[in-house]
Amino acid sequence: MPKLAPSILSADFGRLGEEIAAVEAEADLLHLDVMDGHFVPAISFGADVVRALRRRTRLFLDVHLMVQHPDRHVAPFVEAGADGLTVHVEACPHLHRTLQQIRDAGARAGVALNPSTPFGHAEQVLGDCDLVLLMSVNPGFGGQSFIPFVEGKIAAARRRLQALGATCELEVDGGVKLENCRAVAAAGASILVIGSAVFHNPDPAATLREIRRRLRGEP
């Protein structure tokens, strides 16, 4: 059964504590998209929000750094309470060093790839990371539709991880909803990031339960 990671980018920030409370019992981890307005067009939040959430929840805080120069942000986010930091291949000229920096700081290290970036760009560092994140939308905004060709990329990535004996998680982020969650999981995802499908629903916890029901193949 894949883990479910509600993305707070789609939550109501005016009620963020209540939004987290609404999903805490059903979620496996929380996904936090940090955007700087340079690597991606939008700006989201910084380490202070992570610090506030750390006081509010015991869930694993899965921080996705969609930023330029991610090396500069590792220490502040880990100190704020991030349990894992994921950085983009496209933003890291010295990817191996950045992943080592994250691990040395005491967090789990992840590497993310945009939809059109081949999985092979992460292969050399699979032994140095705990997670590979495949973007299934072009990053920068919530509420986008799943890009169809990424389903095949997930399946190919899962086969390659198995062939190499890699143990890292395979996370998928973008456009995952009730209608496609089972297909994404069947392709090989072990973590599903779900944003608008959860937080734009009047009962976020019920949505997560329904997703689990569908993943089990229940009618």
Peer 1: Does D130 use its side chain to pair, donor to acceptor, with the backbone of G110 at less than 3.5 Å?
Peer 2: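 No, because the side chain of D130 does not come within donor-acceptor range (under 3.5 Å) of the backbone of G110.
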Peer 1: Using the six-membered ring wherever Trp is involved, compare the ring planes of F13 and F45 and label them parallel, tilted or perpendicular (cut-offs 30° and 60°).
Peer 2: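 F13 and F45: tilted rings.
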Peer 1: Between Q101 and V74, is there a donor-acceptor pair closer than 3.5 Å when you use the side chain of the first and the backbone of the second?
Peer 2: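 Flag not set: sc Q101 to bb V74 has no pair under 3.5 Å.
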Peer 1: For the backbone of T57 and the side chain of E24, can you confirm whether one donor and one acceptor N or O come within less than 3.5 Å of each other?
Peer 2: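 Looks like no, no N/O pair under 3.5 Å.
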Peer 1: So which heavy atom on A205 is nearest to which on A22, and how close?
Peer 2: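 So the two residues come closest at CB-O, 3.3 Å.
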Peer 1: How close do P93 and A91 get, counting heavy atoms only, and between which atoms?
Peer 2: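 P93 and A91 have their closest heavy atoms at CD-O, 3.4 Å.
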Peer 1: Report the C-alpha separation of H64 and D173 in whole Å, then their side-chain angles, then the decisive distance to 0.1 Å, and conclude whether the side chain to side chain contact (heavy atoms under 4.5 Å, CB included) test is met.
Peer 2: CA-CA 10 Å; H64 178 191; D173 180 7; 3.7 Å; yes
Peer 1: Roughly how far, to the nearest 0.5 Å, is NE2 of H94 from CG of L99?
Peer 2: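 Here the rounded value is 13.0 Å.
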Peer 1: Examine distances only and state if a side-chain atom of K3 and a backbone atom of L29 form a donor-acceptor pair shorter than 3.5 Å.
Peer 2: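 It does not hold such a pair.
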Peer 1: Do V111 and D128 come close enough that some side-chain heavy atom pair is under 4.5 Å?
Peer 2: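 A side-chain contact under 4.5 Å is absent here.
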Peer 1: Can you pull the ring pair (Phe, Tyr, Trp, His ring centres under 6.0 Å) pairs that have at least one residue in residues 184-219, sequence neighbours excluded?
Peer 2: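 For residues 184-219, and leaving out neighbouring residues, there are no ring pair (Phe, Tyr, Trp, His ring centres under 6.0 Å) pairs at all.
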Peer 1: Go through the steps for S196 and K177 under the test side chain to side chain donor-acceptor pair (under 3.5 Å), then give the verdict.
Peer 2: CA-CA 8 Å; S196 58; K177 302 182 183 301; 3.1 Å; yes
Peer 1: Mind checking the CG-CG spacing from L53 to D48? Nearest 0.5 Å is all I need.
Peer 2: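 These two atoms lie 11.0 Å from each other.
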Peer 1: Answer yes if V176 and V137 sit in the same cluster of Ile, Leu, Val, Met, Phe, Trp and Tyr residues linked by side chain heavy atoms under 4.5 Å apart, and no otherwise.
Peer 2: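 No: no chain of side-chain contacts under 4.5 Å links V176 to V137.
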Peer 1: Given 3.5 Å as the limit, does a donor-acceptor pair link the side chain of S136 with the main chain of F146, or not?
Peer 2: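 Such a contact is absent between S136 side chain and F146 backbone.
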Peer 1: Hey, what do you get for CG (L65) to OG1 (T86), rounding to the nearest 0.5 Å?
Peer 2: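 Those atoms lie 7.5 Å apart.
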Peer 1: Run the side chain to side chain contact (heavy atoms under 4.5 Å, CB included) test on I211 and R214 for me, step by step, so that the C-alpha distance in whole Å, both residues' side-chain angles and the decisive distance to 0.1 Å come before the verdict.
Peer 2: CA-CA 5 Å; I211 289 171; R214 296 195 182 197; 5.8 Å; no
Peer 1: Given V49 and L16, is the side chain to side chain contact (heavy atoms under 4.5 Å, CB included) satisfied, shown in steps?
Peer 2: CA-CA 10 Å; V49 169; L16 195 51; 4.2 Å; yes
Peer 1: If the threshold is 4.0 Å, N to carboxylate O, is there a salt bridge linking R216 and E218?
Peer 2: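 Salt bridge present between R216 and E218.
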Peer 1: Provide the closest heavy-atom pair for V50 versus G81 in the form atom of the first, atom of the second, distance.
Peer 2: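 Heavy-atom minimum between the residues: CG1-C, 4.2 Å.
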Peer 1: Mind checking the CG-CD1 spacing from L4 to I194? Nearest 0.5 Å is all I need.
Peer 2: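 Those atoms lie 4.5 Å apart.
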Peer 1: If every non-hydrogen atom of L113 is compared with every non-hydrogen atom of P118, which pair is closest and at what distance?
Peer 2: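 For L113 versus P118, the nearest heavy atoms are CD2-O, 3.1 Å.
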Peer 1: State, with a plain yes or no, whether a side-chain heavy atom of V198 is found less than 4.5 Å away from one of S10.
Peer 2: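 A side-chain contact is absent here, since even the closest heavy-atom pair is not under 4.5 Å.
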Peer 1: With a 4.5 Å cut-off on side-chain heavy-atom distances among I, L, V, M, F, W and Y, is there a chain of contacts connecting V125 to L134?
Peer 2: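 Yes, because V125 and L134 connect within a single hydrophobic cluster, where side-chain heavy atoms sit under 4.5 Å apart.
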Peer 1: Of all the heavy-atom pairs spanning G140 and V40, show the shortest one and how long it is.
Peer 2: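 For G140 and V40, the tightest heavy-atom pair comes out as CA-CB, 3.8 Å.
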Peer 1: Between E19 (side chain) and D12 (backbone), is there a donor-acceptor pair under 3.5 Å?
Peer 2: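 Yes: the side chain of E19 pairs with the backbone of D12.
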Peer 1: Got a second to check how far C168's SG is from L161's CG, nearest 0.5 Å?
Peer 2: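 Rounded to the nearest 0.5 Å, the SG-CG separation comes to 5.0 Å.
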Peer 1: Hey, does L30 have a side-chain heavy atom less than 4.5 Å from the side chain of V23?
Peer 2: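 Side chain of V23 against side chain of L30, heavy atoms only: contact under 4.5 Å found.
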Peer 1: Ion pair present between R97 and D104, side-chain N to carboxylate O less than 4.0 angstrom?
Peer 2: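 No, this pair does not count.
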Peer 1: When rounded to the nearest 0.5 angstrom, what distance separates OG1 in T167 from CG in L131?
Peer 2: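 The CG atom of L131 is 11.0 Å from OG1 of T167, to the nearest 0.5 Å.
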Peer 1: Does any non-hydrogen side-chain atom of M66 lie less than 4.5 Å from one of N114?
Peer 2: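 The answer is no, as the side chains (C-beta and beyond) never meet within the 4.5 Å cut-off.
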Peer 1: Under 4.5 Å between side-chain heavy atoms, counting indirect links through other Ile/Leu/Val/Met/Phe/Trp/Tyr residues: same cluster for L133 and L164 or not?
Peer 2: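 No: no chain of side-chain contacts under 4.5 Å links L133 to L164.
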Peer 1: Side chain of S190, backbone of E169: donor and acceptor closer than 3.5 Å?
Peer 2: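 Answer holds: no.
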Peer 1: Do you know which of L32, L85, I102, L61 makes side chain to side chain contact (heavy atoms under 4.5 Å, CB included) with F77?
Peer 2: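 Of the listed options, the one satisfying the test is L85.
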Peer 1: Give the cluster check for F149 versus I154: same hydrophobic cluster or not, with ILVMFWY residues linked at side-chain heavy-atom distances below 4.5 Å.
Peer 2: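 F149 and I154: one cluster.
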Peer 1: Are L9 and F39 in one and the same hydrophobic cluster, where Ile, Leu, Val, Met, Phe, Trp and Tyr link if side-chain heavy atoms are under 4.5 Å apart?
Peer 2: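 Same cluster: L9 reaches F39 through Ile, Leu, Val, Met, Phe, Trp or Tyr contacts under 4.5 Å.
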Peer 1: Do L95 and V89 have side chains that approach each other closer than 4.5 Å (heavy atoms only, starting at C-beta)?
Peer 2: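 Yes - at least one pair of side-chain heavy atoms lies under 4.5 Å apart.
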Peer 1: With a 4.5 Å cut-off on side-chain heavy atoms, are E151 and N180 touching?
Peer 2: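 Of all side-chain heavy-atom pairs linking E151 with N180, none is under 4.5 Å.
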Peer 1: Taking the side chain as C-beta and beyond, is there a heavy-atom pair between F119 and E123 under 4.5 Å?
Peer 2: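 Side chain of F119 against side chain of E123, heavy atoms only: contact under 4.5 Å found.
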Peer 1: Go through D36 and H73 one step at a time and tell me if the side chain to side chain contact (heavy atoms under 4.5 Å, CB included) criterion holds.
Peer 2: CA-CA 11 Å; D36 65 353; H73 302 283; 5.9 Å; no
Peer 1: Please find the pair of heavy atoms, one from P70 and one from V87, that lie closest to each other, and give the distance.
Peer 2: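 Nearest heavy atoms, P70 then V87: CB-CG1, 3.7 Å.
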